[in-house]
Amino acid sequence: MAGPGSLTAGPALPSATAARRIRYTGRMTVLKRVQVWTARQVVRLAAAVLRRLSRGGGTLPGRLGLWLAPGLLSALAAGMPRGVVVVTGTNGKTTSAHLLHEVLAAAGWGVVRNQSGANLASGLATALATAGPADVAVLETDEATVPNVAPSLQPKVMVVSNFFRDQLDRYGELSTTVAHVRRGLKSLPTQGVAVLNADDPNVAALAGDVRSAVFYGLAGEGRPTVGDGGADARRCPSCGAALTYDARQYAHLGAYRCLTCGLARPPLDLAVSVGRRAEGQELALDWRGERFTVPFGLPGTYNAYNAALAAAAALALGVAPAAVAAGLSQAGASFGRMEALSWRGAEVRLALVKNPAGFNEVLETVAEDPRPKDLVMLINDRYADGRDVSWLWDVEFERLVARAGVGRIWVGGTRGRDLAVRLKYAGIPSNGVEVVPGPPAAALSAAVGPGDEATAVGRRLYVLPTYTALLAVRERLAAEGVVRHFREG
Amino acid sequence: MRRLQIVHLYPRDMNLYGDRGNVLALVRRAQWRGWDASVVEVEPGDTVAWGDADLAFIGGGEDRHQAWIAEDLSGRAREMTAALADGLPLLAVCGGFQLLGREYQAQDGRVMPGIGWFDAITRAGPRGRHVGNVVATAALPLDPPTLVGFENHAGETVLQPGQDPLARVRVGVGNNGRDGTEGAVAGHAVGTYLHGSLLPKNPHLADWLLAKAQMRRTGDERLEPLADDWEWAAHAERAAEPRR
């Protein structure tokens, strides 16, 4: 149901930039206020200490705070003058939260955001408790955490990007994940809005559980080369029949119809068309008839979806199209999401891979880059990566590596040998693949070599690590002074 | 040229944990030997020419999908068990293994009848999902006898008296975590909880299935050896897995 959707910014706020103390609103007892205040100071102190020790410090302080004051999240969320935005879904949480941050900042709003990956209750508490004066909180939130924190956060907007199979050893089946998010949406406040990706059948179907929904999606005919890999919602969420697509962007995202029960992609409140540019892409946005175009630096269809998400959420919050355009056009990549670096003369692109749909899209983006390039893929199987590497067999290496025009390939990480076997069965000649087992940084060093500038010039090195491999790579690059230490906050 | 036709049952709904890697392993290992390999994908309602099939595969799916599949599969029980009785090699993983048993009771209490090729009964377990790496010793004549894979299942399967297991578990849970059995073998049909994908990292089991398929057509079980260095390197790394 596409309701009125667009939120007015509430009672007139003095000035968006005016510094504002976090107010502990509501009817809290004095005791509770003291408890929350104390917890907040403890979180700040712990975070400051951890920062000094150069630790990430995204989750531990918050965990401490929630233990001291279980009501911490709701007290801090209530203090946000323009409310809380929750961003959830399998892929795109970090990048789209980052883009939304840029857009809201361009509108002059003070924004609080949680650290990439610190997306459980503890990470959200750390972000809110350590924030300075702000207007709005943009919180990327783990799907399974959404139902636990939504009642406390009372989000003004909840955005759902997509549902793909992801680390089934941790999350269980796809339907379980969808059910978590559905429960979270049911606790949206009366004036809350769900911003939903209309192109994902399972996400669009969530509209039945909310009062007001804003739909975003991609316009256009989709890609002619789209494969079947990663498509996890091939059936109608309403009647179970196989879906028909008029246009498919990637995996199961696109303009779908069910010929059996008549379900179809809902009409789009925000339709985004994608045009190519030399670096990045040009996005044409249509927000309920209001049209504007934006140059956008991040490559790939999946990043067009991330931009559409950020734009839809901002427009639903009442931000003007001009600010949306300004924010998106100046946005760069976030932590390890097609991040551009230069190391020992090599031009490096660092892109996290964690599930088949995301991996396929990253490879698709590599293929679209016309330059000569080499590829490093680093697969770890620690808890945060997913212990099960079966998903590598659902990545379309057959189709994509051949198209990508890659020179040499290095594989590494704790499960580098599994990937080597996967590539062999994909028909990639074994003499073009070098296996460097052990820590991810070893494979990275082998790929970059001693820093022979002559061989590196004009080539790009795409480095595709799983989550903990990304942290290891990052640490290595930080040790060599290529990136700022560890991760940005 | 040797011909190999693989019947892949329900790739749309029974494809949860990279199980298509098993089909890919069979196809490649046949092609590397110069065979003409093809895959026939079968969805609910499709007819199957079992007489043309050399090998069959069925993977695992979500409970919701498995209910639809159970219904379609029960309509094929007679012709499928006839083909299996005729020596058709088959690999059934996880949900597919459960549906080839006598019955399967899902987490929500629904009971789905299986086709009963394996004398096994599966119930939703009381202890949540069994998730992790598995190392097992196969009861089949494989060299080495080790099988490696990854299990992720809520159902607990109990083999009935007289039903042979595929393997004995060294690391992991297997069928039910009590009797040490993993999977089942009946005729040339193999049922298992091992994903991974299973066959690429266990090339000896892939070749056992291919050998049975070839024997059924030509009477000759011998296969041309392949260079499996990478496969065995990945296998060995898993086989060294510590007890969890």
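Letters A, B, ... mirror the listed sequences (proteins, then strands); counts begin at 1. Atom set for the values below is all heavy atoms of this structure, side chains included, hydrogens, waters and symmetry mates excluded.
- Contact detail for B:Gly18 and A:Asp394: the closest heavy-atom pair is N-OD2, 3.1 Å.
- Only the side chain of B:Asp13 comes within contact range of chain A, with at least one heavy atom under 4.5 Å from a heavy atom of that chain.
- The contact between B:Ala227 and chain A is made entirely by backbone atoms, counting heavy-atom distances below 4.5 Å.
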| field | Worked verdict on A:Arg387 versus B:Asn133 for side-chain contact (heavy atoms from CB on, under 4.5 Å) | value | CA-CA 8 Å; A:Arg387 301 281 293 140; B:Asn133 287 309; 3.8 Å; yes

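- The main-chain N or O of A:Tyr425 is found under 3.5 Å from a side-chain atom of B:Arg28 such that the two form a donor-acceptor pair.
- With chain A as partner, the option from B:His195, B:Arg20, B:Glu231 having the largest number of non-hydrogen pairs under 4.5 angstrom is B:Glu231.
- Contacts between A:Thr414 and chain B at a heavy-atom distance below 4.5 Å involve the backbone alone (N, CA, C, O).
- In the displayed structure, B:Glu71 atom CD is contacted under 6.0 Å by at most 12 heavy atoms of other residues, nucleotides or ligands.
- Both tests hold for A:Lys424 against B:Trp32: distance to the six-membered ring centre under 6.0 Å, angle to the ring axis within 45°.
- Between A:Ser390 and B:Gly196, the shortest heavy-atom contact is OG-N, 3.1 Å.
- Chosen from B:Gly21, B:Ala234, B:Ala233, B:Ser197, the residue pairing most often with chain A at heavy-atom distances under 4.5 Å is B:Ser197.
- By the 4.5 Å heavy-atom criterion applied to side chains, A:Val435 and B:Trp230 are counted as neighbours.
- The contact between B:Glu237 and chain A is made entirely by side chain atoms (from C-beta outward), counting heavy-atom distances below 4.5 Å.
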| request: Verify side-chain contact (heavy atoms from CB on, under 4.5 Å) between A:Arg165 and B:Asn15, making sure each step is shown before the conclusion. | output: CA-CA 11 Å; A:Arg165 68 181 71 188; B:Asn15 65 345; 3.5 Å; yes

| So A:Trp393 and B:Asp19, side-chain contact (heavy atoms from CB on, under 4.5 Å) or not? Walk me through it. | CA-CA 7 Å; A:Trp393 293 87; B:Asp19 291 330; over 6 Å; no

| message | What verdict does the side-chain contact (heavy atoms from CB on, under 4.5 Å) test give for B:His235 and A:Arg417, after you've listed the backbone C-alpha separation in whole Å, the side-chain angles of each residue and the deciding distance to 0.1 Å? | response | CA-CA 9 Å; B:His235 179 102; A:Arg417 292 190 199 280; over 6 Å; no

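- With rounding to the nearest 0.5 angstrom, the CZ atom of B:Arg238 is 5.5 Å from the CG atom of A:Asp381.
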